[in-house]
Amino acid sequence: NRTKTVTRRLADTWKTLKPGDRLTLVEKAMGLPKGAKQVVLAEVEVVAVAVEDIGYADVPAEPEREGLPHLHPVAFISFWLESHGYKPDADWSTKCRRIVWRYLDEEPS
């Protein structure tokens with residue numbers, strides 16, 4: 001539904017990504033069964049990339065920007081930590097790479 005405009009990745013990944021780069025968002029990129037094809041969701045342009053503490057996500061709008069509006073910011077941080085191999089109560093100074101994009105079929109802001 002194109003409400004997701006932010007994603008976070010491990011800080012030691014996507015190191016060369018920069019504003020202006022274009023990405024193809026897909027439904028599932030890894031673990032596809034043999035012969036299955038990726039489902040393209042959208043083409044986007046990166047508008048910002050920064051390495052920051054995961055604790056910076058402790059603001060009301062971040063879960064919504066991440067496509068998870070039903071999560072409280074604290075629950076989102078625990079979810080992110082656990083899904084990236086950390087304990088859900090890990091240190092909030094854990095670094096992540098925050099990537100912001102705009103959809104190419106929308107006007108630049």
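All of these numbers come straight from a predicted model, not from anything done at the bench.
- Between Ser78 and Pro88, the shortest heavy-atom distance links the atoms OG-O, 3.2 Å.
- For Asp21, the salt bridge (Lys or Arg N to Asp or Glu O under 4.0 Å) partners two or more places apart in sequence, or in a different chain, are Lys18.
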Item to complete: Could you go through the side-chain contact (heavy atoms from CB on, under 4.5 Å) check for Arg8 and Glu66 one step at a time?
Response: CA-CA 8 Å; Arg8 285 173 173 78; Glu66 285 266 4; 2.8 Å; yes
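- In this structure Glu64 satisfies the side-chain hydrogen bond (donor to acceptor under 3.5 Å, both in side chains) test with no other residue, sequence neighbours excluded.
- Partners of Val59 according to the side chain to side chain contact (heavy atoms under 4.5 Å, CB included) rule, which considers only residues two or more places apart in sequence or in another chain, are Glu62.
- At least one donor-acceptor pair under 3.5 Å links the side chain of Asp91 to the backbone N or O of Ser93.
- Looking only at side-chain heavy atoms (C-beta outward), Thr94 and Leu81 come within less than 4.5 Å of each other.
- Under the rule for a side chain to side chain contact (heavy atoms under 4.5 Å, CB included), the partners of Val51 that lie at least two apart in sequence or sit in another chain are Ala11, Lys95, Arg97.
- Annotation: the span from Arg65 atom CZ to Trp101 atom CH2 amounts to 12.5 Å, rounded to 0.5 Å.
- In the hydrophobic clustering (ILVMFWY side chains linked at under 4.5 Å, chained through shared members), Val47 is joined by Val6, Val100.
- Counting heavy atoms from C-beta outward, Glu27 and Gln38 have side chains that stay 4.5 Å or more apart.
- Contact detail for Pro63 and Pro60: the closest heavy-atom pair is CD-O, 3.5 Å.
- A 4.5 Å side-chain heavy-atom check between Leu23 and Trp14 finds at least one atom pair inside the cut-off.
- Within the structure, salt bridge (charged side-chain N to carboxylate O under 4.0 Å, His left out) contacts touching residues 30-49 (residues at least two apart or in different chains) are Glu45-Arg102.
- Distance check: Ile54 CD1 to Phe79 CZ gives 10.5 Å after rounding to the nearest 0.5 Å.
- Between His84 and Trp80, the two ring planes are parallel [angle under 30°; tilted spans 30° to 60°].
- Under the rule for a side chain to side chain contact (heavy atoms under 4.5 Å, CB included), the partners of Val74 that lie at least two apart in sequence or sit in another chain are Asp58, His72, Trp92.
- Thr13 pairs by the side chain to side chain contact (heavy atoms under 4.5 Å, CB included) definition with Arg9, Leu10, not counting sequence neighbours.
- In this structure, Val40 shares a hydrophobic cluster with Val26, the cluster being traced through Ile, Leu, Val, Met, Phe, Trp and Tyr side chains under 4.5 angstrom apart.
- Qualifying side-chain hydrogen bond (donor to acceptor under 3.5 Å, both in side chains) partners for Thr16, counting only residues two or more places apart in sequence or in other chains: none.
- Contact record, Leu41 with Arg2: O-NH2, 3.9 Å, taken as the closest heavy-atom pair.
- Ser83 meets the side-chain hydrogen bond (donor to acceptor under 3.5 Å, both in side chains) test with no other residue; sequence neighbours excluded.
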